[in-house]
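Computed from heavy atoms alone, side chains included, the values below leave out hydrogens, waters and symmetry copies.
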Amino acid sequence: VGDNTVSVDHGEAYVFTRNDFTSNTTPAYSDPEGDQPYQLKILSLPASGVLTFNGLNASVNQIIDISQLDSGYLQYSPDNSNTSLHDISFRFAVSDGGSETFIEN
């Protein structure tokens, strides 16, 4: 699984979808056996703002079923007190349905 960059206007939240962690990454998700992505694991949190899942703060090592991303449960909300332009990042890993082994981005 590769990296992905999304742009968010100041003060706006961003709702993640499965594509943000699979087809929109560089390189895109690919499994040698053809297994579909199964779970997402949060490896780190943004230094600024809040990453939430289903309305609760996300945590390091939290595992989320990829299918739940289609429901809009994973969201980033910025820290609106910081008005400077900056990059916010967090690390993640994706597992496939066959091995269920997480591959880091």
Side-chain angles (χ1 to χ4, degrees):
V1 174
D3 295 331
N4 184 12
T5 301
V6 296
S7 296
V8 180
D9 290 332
H10 175 72
E12 291 188 12
Y14 184 83
V15 177
F16 291 96
T17 67
R18 86 172 51 222
N19 292 341
D20 290 314
F21 303 98
T22 57
S23 59
N24 292 348
T25 59
T26 303
Y29 172 87
S30 176
D31 182 74
E33 297 84 30
D35 294 327
Q36 295 298 308
Y38 176 61
Q39 292 179 319
L40 171 77
K41 184 176 185 179
I42 305 297
L43 300 177
S44 70
L45 297 172
S48 176
V50 179
L51 188 65
T52 59
F53 179 72
N54 201 18
L56 302 174
N57 287 357
S59 60
V60 173
N61 295 322
Q62 182 171 357
I63 297 173
I64 300 167
D65 288 344
I66 291 287
S67 62
Q68 292 178 305
L69 296 176
D70 296 332
S71 298
Y73 290 147
L74 186 63
Q75 179 173 314
Y76 170 76
S77 298
D79 174 0
N80 292 327
S81 66
N82 186 347
T83 59
S84 64
L85 294 176
H86 57 280
D87 293 331
I88 305 297
S89 64
F90 67 94
R91 292 182 40 243
F92 64 92
V94 175
S95 74
D96 65 34
S99 69
E100 296 184 25
T101 298
F102 287 97
I103 305 299
E104 291 186 36
N105 70 325

side-chain hydrogen bond (donor to acceptor under 3.5 Å, both in side chains) contacts in which one or both residues fall within residues 56-67, not counting sequence neighbours: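 The answer is Gln39-Asp65.
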
Any donor-acceptor N/O pair, Thr22 side chain to Tyr29 backbone, under 3.5 Å: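 Checked: no pair found.
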
Donor-acceptor under 3.5 Å (Asp79 side chain, Ser48 main chain):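 Not at all, since once roles are kept as given, no pair shorter than 3.5 Å links the two residues.
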
Measure the spacing between [atom1] of [X] and [atom2] of [Y] and express it to the nearest 0.5 Å.
X: Phe53; Y: Ile63; atom1: CZ; atom2: CD1; result: 11.5 Å
X: Ile66; Y: Gln36; atom1: CD1; atom2: CD; result: 10.5 Å
X: Asn54; Y: Thr52; atom1: CG; atom2: OG1; result: 8.5 Å
X: Asn4; Y: Asn19; atom1: CG; atom2: CG; result: 9.5 Å
X: Thr5; Y: Asp20; atom1: OG1; atom2: CG; result: 10.5 Å

Shortest non-hydrogen contact between Ser77 and Ala13, atoms and distance: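 Heavy atoms of Ser77 and Ala13 come nearest at OG-CB, 4.1 Å.
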
Heavy-atom pair of closest approach, residues Leu43 and Val60: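 Heavy atoms of Leu43 and Val60 come nearest at O-CG1, 3.5 Å.
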
Parallel, tilted or perpendicular: rings of Phe90 and Phe16 (30°, 60°):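 It falls in the perpendicular class, over 60°.
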
I want to check something: taking the side chain as every heavy atom from C-beta on, are [X] and [Y] in contact at a cut-off of under 4.5 Å?
X: Val94; Y: Thr25; answer: no
X: Ile42; Y: Leu40; answer: yes
X: Val6; Y: Tyr14; answer: yes
X: Tyr76; Y: Pro46; answer: yes

Linked, directly or transitively: Leu69 and Val15 (ILVMFWY side chains, under 4.5 Å):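 No, no single cluster joins them.
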
